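These numbers come from a predicted model, not from an experiment.
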Amino acid sequence: MLNTSIIGASGYTGAELAAMVHKHPHLQLAGLYVSENSLDANKAISELHGQLRGQIDLPLQPLTDVAAVAQASDIVLLATAHEVSHDLAPVFLAAGCQVFDLSGAFRVKGDDFYTQYYGFAHQHANWLDAAVYGLAEWNAEAIAQAQLVAVPGCYPTASQLALKPLLAAGLLDTLQWPVINAVSGVSGAGRKASMTNSFCEVSLMAYGVFTHRHQPEISAHLGTDVIFTPHLGNFKRGILATITAKLAPGVSPEAVTEAMEAAYTQPGQQAVRLLGNHTARLQDVVNTCFCDIGWNVQGQHVILTSAIDNLLKGASSQAMQCINIRNGFAPLTALVG
Ligand SMILES: NC(=O)C1=CN([C@@H]2O[C@H](COP(=O)(O)OP(=O)(O)OC[C@H]3O[C@@H](n4cnc5c(N)ncnc54)[C@H](OP(=O)(O)O)[C@@H]3O)[C@@H](O)[C@H]2O)C=CC1
Ligand SMILES: CC(=O)N[C@@H](CCC(=O)OP(=O)(O)O)C(=O)O
């Protein structure tokens with residue numbers, strides 16, 4: 001059994017991770033942690049997340065001695081804010097732990113990126129360089145060797161899983177940048193109360209127009225520019241991305257279908273379900289580890305729809321896929337069945 005600690009366990013993604021680790025046949029929950037001065041310190045996780053009652057009633061411990069937690073852990077899951085992950089990951093890594101970071105702190109290589117999009121100067125160029133991007137269906141070989149996995153953001157996961165097959169097959173005319181419009185549920189903003197995620201304030205709207213940090217994350221890992229506009233929807237969980245792209249001259253609808261099918265050939269091993277000409281729906285993916293993708297071609301344009309649960313394929317279940325790949329377990333262990 002691999003001792004697995006979760007930092008940020010009281011949050012939305014942390015609680016999902018706790019349930020998965022609990023279910024996993026080869027992982028053991030070593031500890032659940034919150035910040036040193038957390039208002040939730042020493043409460044049972046099930047007091048905050050009632051769905052865990054009777055299954056996981058472990059306490060949320062204040063993270064006072066990082067070295068001791070590292071010592072007791074084979075695997076550390078960081079379900080913490082970007083700056084917190086940035087500071088904590090190197091400590092766990094130096095102690096030899098495998099680290100799976102759900103934040104954006106190690107996702108994009110590039111000198112100015114963190115200053116420009118995250119508001120802090122990155123201090124750990126060596127780990128940023130060594131980090132492997134955890135887009136599970138596309139990066140398994142590198143994930144299997146990694147000590148630090150940077151789990152992709154939620155919008156980047158939905159967007160890239162749909163676009164990558166077409167780019168890999170050379171079917172897009174990228175002179176016209178793919179246009180991604182995506183709507184997220186409010187849990188995407190985390191559990192902490194704020195005016196923007198307050199019930200009476202949430203209303204379907206675009207935000208982060210031309211400035212959201214996921215635009216450069218998507219572009220960097222796709223290797224092509226995109227227009228990305230996120231929207232906040234008045235529902236709890238799920239992301240639906242609707243993507244319009246231009247096909248290269250002469251590309252047929254059949255070629256698009258072939259490329260999608262060639263990319264996702266192992267249904268029991270990959271968390272992608274192909275819908276052909278049907279469009280993806282949130283209700284089919286919420287509370288599952290799957291990304292559903294549909295596509296329609298007309299003339300030289302393709303419209304892709306891609307749906308995920310932002311807390312699962314957009315964060316926690318993708319992290320679990322990476323743990324499984326890294327440790328030689330079946331990729332969907334603890335996620336299906
Ligand atoms: N929500 C989503 O859909 C997605 C989130 N992510 C990323 O995953 C990470 C977690 O997100 P989410 O679960 O939504 O966040 P939440 O705000 O719901 O949870 C954050 C957790 O971190 C804890 N925490 C805060 N500061 C520290 C600290 N210094 N040491 C230890 N624990 C700390 C919080 O507890 P306390 O404050 O009480 O200490 C809480 O448990 C973020 O980086 C987010 O950007 C990525 C993809 C999707
Ligand atoms: C609805 C909402 O607010 N969503 C978040 C994205 C959550 C996510 O993917 O997290 P990372 O910050 O780890 O990339 C946002 O737009 O900031």
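For the pair H24 and T333, the minimum side-chain heavy-atom distance is below 4.5 Å. Put simply, the side chain of L172 reaches to within 4.5 Å of the side chain of L247, judged on heavy atoms. Inter-residue side-chain proximity for E16 and L312 is flagged as met; some heavy-atom pair is nearer than 4.5 Å. Counting heavy atoms from C-beta on, the side chains of W295 and M260 come closer than 4.5 Å. Counting heavy atoms from C-beta outward, L17 and F100 have side chains that stay 4.5 Å or more apart. Here the side chains of R107 and V151 are not in contact, with every heavy-atom distance at 4.5 Å or above. Between W177 and T224, the closest side-chain pair of non-hydrogen atoms is not below 4.5 Å. Two residues are said to be in side-chain contact when any heavy atoms from C-beta on lie closer than 4.5 Å; T174 and K246 fail this criterion.
The heavy-atom pair separating A248 from G170 by the smallest distance is CB-O, 4.3 Å. The two residues R273 and D284 make their nearest non-hydrogen contact at NH2-O, 2.9 Å. Closest heavy-atom contact between I143 and R326: O-CD, 3.3 Å. When all heavy atoms are compared, the tightest approach of L161 to E137 is CD2-OE1, 4.0 Å. Scanning both residues, L240 and A307, for their nearest heavy atoms gives CD1-CB, 4.0 Å. Across every non-hydrogen atom of L60 and A9, the tightest pair is CD2-CB, 3.8 Å.
The backbone N or O of A280 lies less than 3.5 Å from a partner atom in the side chain of T305, making a donor-acceptor pair. The backbone N or O of P156 sits less than 3.5 Å from a side-chain atom of Q160, completing a donor-acceptor pair. When atom types are taken as modelled, the side chain of T265 and the backbone of E261 share no donor-acceptor pair closer than 3.5 angstrom. Without hydrogens or angle criteria, S38 side chain to V34 main chain gives no donor-acceptor distance under 3.5 Å. A donor-acceptor pair is defined here as one N or O able to donate and one able to accept, closer than 3.5 Å; such a pair exists between the side chain of N324 and the backbone of M320. Checking side-chain atoms of Q321 against main-chain N and O of A136 turns up no donor-acceptor pair under 3.5 Å. Proximity of a side-chain donor or acceptor of S5 to a complementary backbone N or O of S73 within less than 3.5 Å is not detected. In terms of modelled atom types and a separation under 3.5 Å, the side chain of K109 and the main chain of A220 share no donor-acceptor contact. Looking only at distances, no side-chain donor or acceptor of D87 sits under 3.5 Å from a matching main-chain atom of V84. Judged purely by atom type and a 3.5 angstrom limit, Q298 has no side-chain atom pairing as donor or acceptor with the backbone of N296.
Using a 4.5 Å cut-off between side-chain heavy atoms of Ile, Leu, Val, Met, Phe, Trp and Tyr, with links allowed through other members, Y12 and I45 fall into different hydrophobic clusters. Residues F290 and I308 do not share a hydrophobic cluster, defined by chaining ILVMFWY side chains whose heavy atoms lie under 4.5 Å apart. Using a 4.5 Å cut-off between side-chain heavy atoms of Ile, Leu, Val, Met, Phe, Trp and Tyr, with links allowed through other members, I325 and L335 fall into the same hydrophobic cluster. Linking ILVMFWY residues whenever their side-chain heavy atoms come closer than 4.5 Å, directly or via other members, places L171 and Y264 in the same cluster.
One distance of note links CD1 of I75 with CD1 of I6; it measures 10.5 Å at 0.5 Å rounding. One finds the OH atom of Y33 at 13.0 Å from the CG atom of L77 (value rounded to the nearest 0.5 Å). In this structure, S219 OG and D225 CG are separated by 4.5 Å, a value rounded to the nearest 0.5 Å. Here the CG-CD1 distance, from L275 to I293, works out to 8.0 Å after rounding to the nearest 0.5 Å. Atom-to-atom distance recorded for L163:CG and S306:OG is 8.5 Å, nearest 0.5 angstrom. In this structure, CG on L39 lies 10.0 Å from OG on S10, to the nearest 0.5 angstrom.
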Is there a side-chain hydrogen bond (donor to acceptor under 3.5 Å, both in side chains) between S316 and T13 once you walk through the steps?
-> CA-CA 6 Å; S316 305; T13 62; 4.5 Å; no
Assess whether side-chain contact (heavy atoms from CB on, under 4.5 Å) is satisfied between S187 and R237, documenting all intermediate values.
-> CA-CA 6 Å; S187 60; R237 50 201 288 173; 3.6 Å; yes
Report the C-alpha separation of V226 and Q215 in whole Å, then their side-chain angles, then the decisive distance to 0.1 Å, and conclude whether the side-chain contact (heavy atoms from CB on, under 4.5 Å) test is met.
-> CA-CA 7 Å; V226 296; Q215 189 278 336; 4.2 Å; yes
Carefully, step by step, assess H214 and C154 under the rule side-chain contact (heavy atoms from CB on, under 4.5 Å).
-> CA-CA 9 Å; H214 285 174; C154 46; 4.2 Å; yes
Stepwise side-chain hydrogen bond (donor to acceptor under 3.5 Å, both in side chains) check, N181 with T242 | CA-CA 5 Å; N181 285 304; T242 302; over 6 Å; no
Starting from the C-alpha separation in whole Å, work towards a yes-or-no answer on side-chain contact (heavy atoms from CB on, under 4.5 Å) for L27 and N3.
-> CA-CA 6 Å; L27 305 183; N3 287 317; over 6 Å; no
Apply the test side-chain hydrogen bond (donor to acceptor under 3.5 Å, both in side chains) to residues S194 and N197: give CA-CA distance (whole Å), side-chain angles for both, the deciding distance (0.1 Å), then the verdict.
-> CA-CA 6 Å; S194 80; N197 62 15; 3.3 Å; yes
Would N37 and S35 count as a side-chain hydrogen bond (donor to acceptor under 3.5 Å, both in side chains) if you check the C-alpha gap in whole Å, the side-chain angles of each, and the deciding distance to 0.1 Å?
-> CA-CA 6 Å; N37 300 313; S35 60; over 6 Å; no
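By the 6.0 Å contact criterion, NE2 on H301 is enclosed, its count of non-hydrogen atoms from other residues, nucleotides or ligands being greater than 12. By the neighbour-count criterion of 12 heavy atoms within 6.0 Å, atom CD of Q71 is sparsely surrounded, having that number or fewer from other residues, nucleotides or ligands. Atom CE of M1 sits in a crowded spot, with more than 12 heavy atoms from other residues, nucleotides or ligands closer than 6.0 Å.
Taking the six-membered ring for Trp and thresholds of 30 and 60 degrees, Y207 and H212 have ring planes more than 60 degrees apart, a perpendicular arrangement.
Considering Y118, F120, F106 in turn, Y118 is the only one that fulfils the ring-ring contact (aromatic ring centres under 6.0 Å, His included) rule with H82. With H122 as reference, Y114 is the one residue of Y114, W127, F113 to meet the ring-ring contact (aromatic ring centres under 6.0 Å, His included) rule. Each of L78, V99, V132 was compared with L148 under the side-chain contact (heavy atoms from CB on, under 4.5 Å) criterion, and only V99 meets it.
Side-chain contact check for T157 and Q318: at least one donor-acceptor pair (N or O, by modelled atom type) lies under 3.5 Å.
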